[in-house]
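Note: hydrogens, waters and symmetry copies are ignored here, and every other heavy atom, side chains too, is used. Protein chains get the first letters and strands the later ones, always in sequence-line order, with residue 1 at the start of each.
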Protein chains: 2
Amino acid sequence: MGKTFFEELNNESATGVAYKNLNLKKSILGYFANVSDATIADLAKELNISVPKMTAVLNDLIQDGIVQDYGKVESKSGRKPNLFGLLPESAFFIGVDINQRYINVALSDLQKNLVKVAEKISYKLENNKESLETLCQLINTFIKELPIPKDKILGIGINISGRVNYATGYSYSFFNFSEEPLSKIIESKVGIKVFLENDSRAMAFGEFSSGIVKGEKDVLFLNIDYGIGLGILINGQLYYGKSGYSGEFGHIPLFDNEILCHCGKKGCLETEASGWALARMVKQKMQEGSSSILFEEKGEGEEIQMEDVIKAANNDDVLAIELIAEIGGNIGRGIALLINIFNPELVILGGSLAQTGEYIRLPIKSAINKYSLSLVNNDTQLRLSQLGKHAGIIGACLLVRKRLLSLH
Amino acid sequence: MGKTFFEELNNESATGVAYKNLNLKKSILGYFANVSDATIADLAKELNISVPKMTAVLNDLIQDGIVQDYGKVESKSGRKPNLFGLLPESAFFIGVDINQRYINVALSDLQKNLVKVAEKISYKLENNKESLETLCQLINTFIKELPIPKDKILGIGINISGRVNYATGYSYSFFNFSEEPLSKIIESKVGIKVFLENDSRAMAFGEFSSGIVKGEKDVLFLNIDYGIGLGILINGQLYYGKSGYSGEFGHIPLFDNEILCHCGKKGCLETEASGWALARMVKQKMQEGSSSILFEEKGEGEEIQMEDVIKAANNDDVLAIELIAEIGGNIGRGIALLINIFNPELVILGGSLAQTGEYIRLPIKSAINKYSLSLVNNDTQLRLSQLGKHAGIIGACLLVRKRLLSLH
DNA sequence: ATTACTTATTAAAATATTTTAATTATTATT
DNA sequence: AATAATAATTAAAATATTTTAATAAGTAAT
């Protein structure tokens, strides 16, 4: 049986001319994927290849069914050049974004188009085999209902919170009950190659590839939710660290308090700057007898959730706004530290709590100004996430795409 | 007048075959500089070039006077291959390491050999034009006494503490009293191309290129001195951030104290974890009536310096050891945070205070274990600097070399 | 519609590189 | 010293790529 184009593309044994041609093909696909569609002249100039050679290779790629001639394109005068780019329907990728109470699943084509999106599918994330089994079933169901043949789906990207080693496929915070890496287990149940990724990192990649990032290369993405995660982009590349555990920002020892964190330590940033901390503060305020629309709607024994506080703030509830400002101040102190260390061009606020918009952005901004060196923080823009709750799912799809195209 | 080889090497206007040949030459030089000397067969395999072509290009480079045939080398059996490498005396680089009370200057050849080292040349760093003038004179004197022609010196790397933008050549913490960038000003007085660098970053590069780093790619270097600096290596590359201000680790807001830092803010790490903090603590202990060899040798009104405490600790003075342990614990809490964020393979302790060896390393290690996630810190080795006080000067030389060879 | 102009595409020639084969150099062994 | 073994070097042939030139295609203006 002949190899598929993508297997051929990653053929390690090629040497000499064959190797150079493969490399050139990768560069062309990389240009299409990362930069834009292009004319023969563009590509020839950019990749330092003569026009006749480029023409030949492009024709090859069209033969391979991976590149498309988009036809004539505007130019100042004279004969108009043809534009070439990836053939969208030549390959597909699935992204899965796992949350505590639901999952999001989406299908993307080769040109980043989201072909199908299924959001907020009910699912309870628990650290046991049944929960894992259910997850696989949900993914299989999604695949079965797709209007495309399964073998066109080249890979599945799965976001999961906690420590994930994407290179080995092990997850340490969830579903870690087997010798085999989690990615292999899911792979065997679904029948498609699986790539795991930390949730905040995937979101960061989503924002970077098709969100708020416009050319910035050194970018920090904060996933402010029940916990607080960090995705780091350095020189346009996701940063992993030795084993992929980078970005454990929620557990830096920034406070001198006695609040015990999930991680077992005290004084973590998360204890004073997260959705979890927000819920704790609200509860305390209620006990102290503060007034708020938050306390009126809830029944006996019903717990107030982070989502309720976000909704209340967006409805101008003073207590909610005050508490979010307090949380924001603490997060801002954490970000100030990141700015001193990274001198980033851009910091993106994402995750559920970023949905409160300026209510959280402004106190964060103030704290940054207070706690970081001004020469450094003058360099740094602070923007709200553009993709919002879609960041994870988009990032998951695009990360698989990136891996399978062996883009750098 | 013909261009020199190195000017030719960075010729941007080359296209087609000329461009590819230049690129190949750069790759070969890069291999020699970053990896090792090599035989024709090695290079051909590594760079995916045929043996006849490689032979021709190498001969070119020998003609250019930049590569040398080192002669036969051992091999299992049969004819022994020739080893090729850089011609050491084909180019030289100067490194200058500026400290508060002295400067170090060194000359390195193309093969990283330190040809001449002049350490602890008296110099008082003050933020005025006279001090800058003196600096340039000292450099000129050093150059004049060298046994090699000036035009063989391709560049000067200068380490200076504080915020430095290496791309523009501006220094913001020292000598910032002109429209023109500092690098250009020195250049015009010395007559050789100048590259500025932040001191901790240069030290980190020194350790990385010829110090304690053995293949690790994600490495943090701490310069623990009067202040506390951080050099960041990511994927084997120095990390700069947007304007080169990355690594302002000394000024992260980690403490909730009332001690005012030089930077104008309160609660900076430096206020509790630096040579400066150490000196403050010693003074306080003295006022409290503690006993120590530290207090015996000093005359009336003479201030105790960080260096005295280091010396005392290395002579087993209990108070000095205790205070260094306290400082170490605070630094360790800071490093714990870096480990959670970076998941590095290696953290290097450098700068004056690292000269106390295990006296500072062990409390740092304990604090790291206490304050960072164990899954993450298990990945991280903690080693003492190998180059010690030479790190800066070696880094300075090697950084210019890297830039002028346009190594990545 | 014709013309002038611009630019892409194709074709042919020139150059460059790889591939293959032959030769030469070196070393260990007999 | 001769021989066999090994590997570098060189040479020649086969490919591949670039370069240059010629042709075709498309556009705008007359």
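Atom NZ of A:K45 and atom C1' of C:dT7 are 14 Å apart (whole Å). Computed from coordinates, the B:L43 CG to D:dA8 C1' distance equals 14 Å when rounded to whole Å. For B:L58 and D:dA8, the CG to C1' distance is 13 Å, given to the nearest whole Å.
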**OP:** Begin from the C-alpha positions of A:L154 and A:V400 and carry the test side-chain contact (heavy atoms from CB on, under 4.5 Å) through to its verdict.
**Re:** CA-CA 8 Å; A:L154 299 189; A:V400 205; over 6 Å; no

Original post:
Going through the checks in order, is the salt bridge (Lys or Arg N to Asp or Glu O under 4.0 Å) test met by A:R383 and A:E207?
Top reply: CA-CA 11 Å; A:R383 297 194 205 132; A:E207 286 291 347; over 6 Å; no

List every contact pair, protein side and nucleotides 15-19 of chain C side both N or O, where the distance is under 3.5 Å.
unit_1	atom_1	unit_2	atom_2	d
C:dT17	OP1	B:K53	NZ	3.1
C:dT17	OP2	B:K53	NZ	2.8
C:dT18	OP1	A:K20	NZ	2.3
C:dT18	OP2	B:S50	N	3.3
C:dT18	OP2	B:S50	OG	2.6

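Side-chain contact between B:F221 and B:F205: absent, with no pair of heavy atoms (C-beta onward) separated by less than 4.5 Å. Counting heavy atoms from C-beta on, the side chains of B:Q237 and B:F208 never come closer than 4.5 Å.
Around the NZ atom of B:K45, the shell of radius 6.0 Å holds no more than 12 heavy atoms that belong to other residues, nucleotides or ligands.
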